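Reviewing the structure listed below.
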Amino acid sequence: MSKEKRILKQLFLWSPSLDTGMAALSQIIIMALAFLGLKVFGDTILNPILFGLAGTLVVCVIFPLYWMVVRKEKSIGALGITRKHSSISLLVGFLLGAFVFWGYYRTFGLSAAIIPALI
């Protein structure tokens, strides 16, 4: 191998795998659901249900868990889900959830659009 190729190989260490492809696929699905929710359903109750439940819960939580635990046969610790620092994680999650809920409440009031904030 020539010196130039070795230098290029050391500079560009990224080698995409099937995991990278699955992450890209889930991002494409989330963007498609967001577009579908905004353009097709507009301000109806289906928009927060589609994006909140199908998008966030299925694509961002269940799909990565399935991919790592069932398909790759790894523990959920590979996704960073451990008991280490769990109290800090719960506190930060609660604060972020309250912030999102507050934003939804200020924008929509008490309506069906708050469903994703509660999930």
Side-chain angles (χ1 to χ4, degrees):
M1 183 180 291
S2 69
K3 185 177 179 181
E4 293 85 15
K5 285 187 179 182
R6 279 189 306 213
I7 291 172
L8 284 175
K9 193 170 185 176
Q10 288 176 347
L11 288 175
F12 301 102
L13 296 176
W14 183 63
S15 63
S17 65
L18 193 56
D19 292 342
T20 310
M22 289 297 119
L25 177 65
S26 65
Q27 182 64 31
I28 290 169
I29 292 171
I30 282 291
M31 289 188 302
L33 287 174
F35 176 79
L36 185 69
L38 290 174
K39 295 295 181 183
V40 175
F41 297 118
D43 283 340
T44 65
I45 192 169
L46 294 176
N47 185 8
I49 291 174
L50 176 73
F51 188 72
L53 289 178
T56 306
L57 189 61
V58 174
V59 178
C60 294
V61 177
I62 295 173
F63 179 68
L65 276 173
Y66 170 78
W67 180 255
M68 291 303 285
V69 175
V70 177
R71 298 289 296 198
K72 301 285 282 187
E73 297 178 350
K74 294 185 179 180
S75 69
I76 60 174
L79 289 171
I81 302 172
T82 63
R83 290 182 185 246
K84 185 178 180 181
H85 305 298
S86 60
S87 59
I88 296 171
S89 176
L90 285 172
L91 177 65
V92 169
F94 177 77
L95 292 174
L96 289 174
F99 180 71
V100 168
F101 179 77
W102 177 67
Y104 272 103
Y105 180 73
R106 287 190 58 204
T107 304
F108 300 108
L110 285 176
S111 69
I114 291 182
I115 293 171
L118 297 175
I119 294 173

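For clarity, every value in this text was computed on a predicted model and none was experimentally measured.
- Residues L65 and I30 share a hydrophobic cluster, clusters being chains of Ile/Leu/Val/Met/Phe/Trp/Tyr side chains in contact below 4.5 Å.
- One hydrophobic cluster, built from ILVMFWY side chains closer than 4.5 Å, cannot hold both I28 and L18; they sit in different ones.
- Cluster annotation: V59 and V61 are assigned to the same hydrophobic cluster (Ile/Leu/Val/Met/Phe/Trp/Tyr, side-chain heavy-atom contacts under 4.5 Å, transitive).
- Here the CG atom belonging to L33 is positioned 11.0 Å from the CG atom belonging to L38, to the nearest 0.5 angstrom.
- Cluster membership for Y66 and M22, using ILVMFWY side-chain heavy atoms within less than 4.5 angstrom, is not shared.
- Note on F99: it does not cluster hydrophobically with L90, by side-chain heavy-atom contacts below 4.5 Å among ILVMFWY residues.
- Of all heavy-atom pairs between G77 and T82, the closest is CA-CG2, 4.1 Å.
- Here the NE2 atom belonging to H85 is positioned 14.0 Å from the CG atom belonging to L91, to the nearest 0.5 angstrom.
- Heavy-atom minimum distance, V69 versus S75: CG2-C, 4.5 Å.
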